[in-house]
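Since we're looking at a predicted model, the values are computed, not measured. Just so it is clear: chains get the letters A, B, ... in the order the sequence lines come, proteins before strands, and each one is counted from 1.
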Amino acid sequence: MTGLVRYRALDMLRRVGPAMRSLDDEPEAVAPEALSALDGHTDGRALRQCLDRLETDRRRLVVLAFVEGFSHAELASRLATPLGTVKSSIRRALASLRECLDA
Amino acid sequence: MSGTFEDDVPEDRAGLYVLGVLESDEMEAVRRDAARDAGFAALIAQWERRLAPLTLLLSLSAPPSAVWEAIESRIGATVEMRAPLPRGREAGRGRPSRALGYWRAAAVGAMAVAASLAGVLVWRLQPVAAPPAARLAMILPMQQTPGGWLVQVRPDGTLHAIANGNVAHAADRDFELWALADKATRPLPLGLLPVATGAADLHPASLPAEKFKLLVSLEPKGGSTTGLPTGPVMFAGDVVQPPS
């Protein structure tokens with residue numbers, strides 16, 4: 001249910017385009033302590049443990065992407081990191097998460 | 001955007017889609033492929049399960065007890081409803097029933113999620129050049145029913161509603177959208193909502209001047225004829241003001 005609404009929201013964000021968006025503030029959800037919100041759930045705890053195993057930069061990319069809806073390109077410009085690096089980092093992060101969560 | 005995207009392994013594409021980093025054309029391509037390839041759709045479902053706990057980060061500030069305490073203040077002490085035909089001696093106008101209390105309680109849970117999601121959205125939509133900004137509301141189910149809408153409240157008083165694709169409805173019924181101002185008990189009718197994957201512009205006669213929330217009731221085809229909801233309020237969402 002939340003998922004469907006989220007995809008709609010992502011569609012809308014992409015349609016609006018980066019020019020319309022403010023990129024000033026630091027989202028609080030990427031703060032390490034914010035991840036403690038996951039601890040109340042069994043699945044959340046498992047995911048947090050797997051997130052904790054990621055390199056800091058990769059964990060940050062994953063959380064920023066999911067919570068803020070940033071695209072590859074927006075992450076690259078926001079973090080002043082080459083697009084290719086962002087893409088490969090996210091891909092590696094997802095592969096690590098999958099391996100960790102499915103273990 | 002991504003030149004090598006078509007060459008990607010399905011597992012990666014599914015994960016990137018659920019994570020939400022793809023561009024519009026890439027998201028469209030993923031949906032097309034998922035529609036005709038059950039195996040690929042299953043990969044997406046797996047990624048949704050893996051990453052689902054991250055939605056907890058979208059609502060950091062809503063402990064369940066606070067949600068319950070917020071019931072009366074968030075949605076008002078009573079929501080006036082009027083059935084087309086009074087059913088019993090107790091069917092006094094505007095009297096909140098136990099059932100209504102239940103709906104109200106359920107609404108707050110849905111709105112807590114909706115408000116936090118919409119809050120994220122509005123933060124992201126904050127215009128750099130500050131033209132008059134539209135307000136947004138995520139309308140979510142109050143029970144475990146599928147469906148919902150994304151509603152944009154435009155500065156000119158019109159609304160744009162997008163159904164999220166899963167709204168279940170009977171052919172002889174319509175979903176009607178209502179605005180309930182803070183502290184008000186009488187919702188204002190705003191119009192009939194689209195279903196399935198439809199989108200519609202609504203042109204209500206008026207909107208509350210003050211802060212309001214949106215409610216969706218199930219009505220006979222064509223909408224309520226009493227000027228107030230006659231069926232159950234099944235969906236609700238907060239309208240979020242963009243930061244000025």
Problem - Proximal component of Glu11(B), with respect to chain A [non-hydrogen, under 4.5 Å] - result: side chain
Handout entry: Nearest-0.5 Å distance, CZ of residue Arg49(B) to CG of residue Leu101(A)
Key = 12.0 Å
Practice task
Decide if atom CZ of Arg45(A) counts as having more than 12 heavy atoms of other residues, nucleotides or ligands within a radius under 6.0 Å.
Solution key: yes
Practice task
May I ask you to name which of Leu51(A), Val86(A), Leu97(A), Asp102(A) has the most heavy-atom pairs under 4.5 Å with chain B?
Solution key: Asp102(A)
Fill in the blank from the handout: Bottom line for Leu61(A): the part with an atom under 4.5 Å from chain B's heavy atoms is neither
Handout entry: Interatomic spacing from CG in Leu54(B) to CZ in Arg48(A) - rounded to 0.5 Å
Key = 12.0 Å
Exercise for the section: Assess whether salt bridge (charged side-chain N to carboxylate O under 4.0 Å, His left out) is satisfied between Arg50(B) and Asp43(A), documenting all intermediate values. Expected result: CA-CA 8 Å; Arg50(B) 289 183 191 117; Asp43(A) 291 347; over 6 Å; no
Practice task
Would you mind checking which part of Ile90(A) comes under 4.5 Å of any heavy atom in chain B, side chain (CB onward), backbone (N, CA, C, O), both or neither?
Solution key: side chain
Handout entry: Contact class of Arg98(A) relative to chain B, heavy atoms under 4.5 angstrom
Key = both
Handout entry: Criterion side chain to side chain contact (heavy atoms under 4.5 Å, CB included) on Asp12(B) and Leu94(A), from CA distance to verdict
Key = CA-CA 8 Å; Asp12(B) 283 357; Leu94(A) 286 178; 6.0 Å; no
Practice task
Might you point out which heavy atoms bring Ala65(A) and Val21(B) nearest each other, and give the distance in Å?
Solution key: CB-CG1, 3.3 Å
Exercise for the section: Mind listing the closest non-hydrogen atom pair of Gly44(A) and Pro53(B) along with its distance? Expected result: CA-CB, 3.5 Å
Completion exercise
Between the CG atom in Leu16(B) and the NE2 atom in His72(A), the distance rounded to the nearest 0.5 Å is 5.0 Å
